[in-house]
Amino acid sequence: MTTAGALSSGGFTLAIVGCGKRGFIEHRGLTWKLGTAVLQGLLVSPAPAQESQHTLQRILVSVRVREKGQRVLDKVLGDSNPHDRPCLVELVVGDNAEAARRADVVVLACHPHQGREVLGVPGMPEALGGKLLVSMLGGVSVTALEDSLYWAKSAGRAVTGPGRCHIVQAIPNVAAARGSSTTVVGERSDSIPDEVLERGHEVLRRIGQSVFVGRDEMPAATALCASGTALFVWFLGAMVDASVAEGIDKDEATRMAALTMAGAAGLVASGETPGAVIAKVTTPGGATARGLIVLEQSTAKEAIAEALRAITSKIRS
């Protein structure tokens, strides 16, 4: 049986807990969990030209039911040649602790309410000893995760010792499936060794870009970068519906709206301010100006602010 660190060239093994059919992203007719989006992103990202101890070599996908897990893998891998994949992929069925024991880095991507259950199984603290746990559970602090692992209820005290794991809080979004996530990185355990932390950074680099925020900023940043994906796409959908009402074919309208939104976002991402981009498009008294007046006179900004406040409040609760 393969154990952590046993791969020949010194690369590392990653376990993903939280892949399945019920979740947050729909692709190829299947609704995926966030963990599956992360898996997809890792498999579409190119392998580094030169291998090292920080090279991802194997992914263990931990699932409850083999048949469902295999269907997920079939959808993710498609007809790709195993030799063309950047790393090996293997299912681990019905034993999250075993997946953690065999891994060097563990991604926890289940529903936030399931975190305590997953971490509380017998053998999990030992399986994670000295390793990196990347928590993708929105609204769940590092302290709460440590309590789930190391608080001995029977003794009423925390379990201490050198074998505790290292935890990093990192919340990606569903664009991870395309290597385009904006991942919010927040709290982390004290004194994580550089070589351990670098493996986590390698995982996050392969699914997109990371932004680092303080503990107090984490709920709002999660609302903006993770839940915000749905808000941006909601607006895109409204633009599509309006375009269809004006006579454009829905598929064409969807494509045009998505490309236009991506182009506008690219301008802002390159350093231009939203106001500067608007000014480039708008002529006083012109068609764009008329549309902007309608938006400014509506409650659109207030509604967006209220939606973001509602999401942030839910994450904090």
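Atom set for the values below is all heavy atoms of this structure, side chains included, hydrogens, waters and symmetry mates excluded.
- One hydrophobic cluster, built from ILVMFWY side chains closer than 4.5 Å, cannot hold both Leu236 and Leu224; they sit in different ones.
- Inter-residue side-chain proximity for Leu149 and Met124 is flagged as met; some heavy-atom pair is nearer than 4.5 Å.
- When the shell of 6.0 Å around CZ of Arg316 is examined, it contains more than 12 heavy atoms from other residues, nucleotides or ligands.
- Contact annotation: the side chain of Val72 never approaches that of Val61 to less than 4.5 Å [non-hydrogen atoms, C-beta and beyond].
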Query raised in the report: Can you list the steps and then say if Ser189 with Glu146 is a side-chain contact (heavy atoms from CB on, under 4.5 Å)?
Result: CA-CA 9 Å; Ser189 303; Glu146 290 175 337; 3.5 Å; yes
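- No chain of hydrophobic side-chain contacts below 4.5 Å, direct or via other Ile, Leu, Val, Met, Phe, Trp or Tyr residues, connects Val107 to Val92.
- When side chains are defined from C-beta on, Cys110 counts as touching Leu137, because their heavy atoms get closer than 4.5 Å.
- To the nearest 0.5 Å, atom OG of residue Ser62 and atom CD of residue Glu98 are 9.5 Å apart.
- Judged by distance alone, the side chains of Ser181 and Thr183 do bring a donor and an acceptor atom under 3.5 Å apart.
- Here the CD atom belonging to Glu306 is positioned 4.5 Å from the CZ atom belonging to Arg309, to the nearest 0.5 angstrom.
- Leu42 is listed as a side-chain neighbour of Leu56, based on a closest heavy-atom distance under 4.5 Å.
- Through side-chain heavy atoms spaced under 4.5 Å, either directly or across other Ile, Leu, Val, Met, Phe, Trp or Tyr residues, Leu231 is tied to Leu308, Ile311, Ile315.
- Counting only distance, with no hydrogens or angles, the side chain of Asn173 and the backbone of Thr229 share no donor-acceptor pair below 3.5 Å.
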Query raised in the report: Between Glu195 and Lys131, does a salt bridge (charged side-chain N to carboxylate O under 4.0 Å, His left out) hold up when you go through it step by step?
Result: CA-CA 11 Å; Glu195 63 272 16; Lys131 300 175 181 178; over 6 Å; no
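- Under the 4.5 Å side-chain criterion, counting only non-hydrogen atoms from C-beta, Phe12 is in contact with Val203.
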Query - Candidate pair Lys301 and Glu296, rule salt bridge (charged side-chain N to carboxylate O under 4.0 Å, His left out), full reasoning - result: CA-CA 8 Å; Lys301 283 189 176 180; Glu296 292 290 349; 3.6 Å; yes
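- Tracing side-chain contacts under 4.5 Å through hydrophobic residues (I, L, V, M, F, W, Y), one never reaches Val44 starting from Val89; they form parts of separate clusters.
- In this structure, Lys250 contributes its side chain and Val244 its backbone to no donor-acceptor pair below 3.5 Å.
- Shortest non-hydrogen contact noted between Val38 and Pro172 is CG2-CG, 4.2 Å.
- Heavy-atom minimum distance, Leu145 versus Leu119: CD2-CD1, 3.7 Å.
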Report task. May I have the step-by-step check of side-chain contact (heavy atoms from CB on, under 4.5 Å) for Leu197 and Val168, ending in yes or no? Result -> CA-CA 9 Å; Leu197 193 59; Val168 172; 3.8 Å; yes
Requested in this report: May I have the step-by-step check of side-chain contact (heavy atoms from CB on, under 4.5 Å) for Val17 and Val106, ending in yes or no?
Outcome: CA-CA 7 Å; Val17 178; Val106 177; 4.3 Å; yes
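- A heavy-atom distance below 4.5 Å is not found between the side chains of Val268 and Thr273.
- Side-chain contact between Leu292 and Thr282 is present, with at least one heavy-atom pair separated by less than 4.5 Å.
- For Glu246, the CD atom counts as loosely surrounded, since its 6.0 Å shell holds 12 or fewer non-hydrogen atoms of other residues, nucleotides or ligands.
- Every pair passing salt bridge (Lys or Arg N to Asp or Glu O under 4.0 Å) that includes a residue from residues 267-286 is listed here, sequence neighbours excluded: Glu272-Lys280.
- Two different hydrophobic clusters hold Met239 and Met256 under the rule that ILVMFWY side chains link at heavy-atom gaps under 4.5 Å.
- A donor-acceptor contact shorter than 3.5 Å links the side chain of Ser141 to the backbone of Ala144.
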Requested in this report: List the steps, then state whether side-chain contact (heavy atoms from CB on, under 4.5 Å) holds for Leu60 with Leu14.
Outcome: CA-CA 6 Å; Leu60 305 176; Leu14 172 74; over 6 Å; no
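- The nearest pair of heavy atoms linking Arg206 to Ser45 is NE-OG, 2.9 Å.
- Nearest approach of Gly123 to Ala97, heavy atoms of both residues: C-CB, 4.3 Å.
- To the nearest 0.5 Å, atoms CG (Asn96) and CG (Leu128) are separated by 10.0 Å.
- A distance of 10.0 Å separates CZ of Arg188 from CG of Leu132, quoted to the nearest 0.5 Å.
- Cluster annotation: Val196 is connected to Phe212 through the hydrophobic network of ILVMFWY side chains, with a link wherever side-chain heavy atoms come within less than 4.5 Å.
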Requested in this report: Might you work through the salt bridge (charged side-chain N to carboxylate O under 4.0 Å, His left out) test for Glu202 and Arg199, ending with a clear yes or no?
Outcome: CA-CA 5 Å; Glu202 170 62 14; Arg199 288 174 172 176; over 6 Å; no
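- Annotation: Arg66, atom CZ; neighbour count of heavy atoms from other residues, nucleotides and ligands within 6.0 Å does not exceed 12.
- Note that CZ of Arg102 is 4.0 Å distant from CD of Glu90, once rounded to the nearest 0.5 Å.
- With hydrogens and angles disregarded, no donor-acceptor distance shorter than 3.5 Å links the side chain of Thr283 to the backbone of Gly286.
- Remark: the backbone N or O of Ala176 is not paired with any side-chain donor or acceptor of Ser180 at under 3.5 angstrom.
- Scanning all heavy atoms of the two residues, the minimum distance from Cys165 to Tyr150 falls at N-OH, 2.7 Å.
- Heavy atoms only, all atoms of each residue included: Ile16 and Ile59 are closest at CD1-CG2, 4.0 Å.
- The closest side-chain heavy-atom distance from Val185 to Leu204 is below 4.5 Å.
- Apart from Val213 itself, the hydrophobic cluster it occupies contains Ile171, Val184, Val211, Met218, where clustering links Ile, Leu, Val, Met, Phe, Trp and Tyr at side-chain heavy-atom distances under 4.5 Å.
- Distance check, rounded to the nearest 0.5 Å: CE of Met261 to CZ of Phe235 gives 6.0 Å.
- The backbone N or O of His111 lies less than 3.5 Å from a partner atom in the side chain of Gln114, making a donor-acceptor pair.
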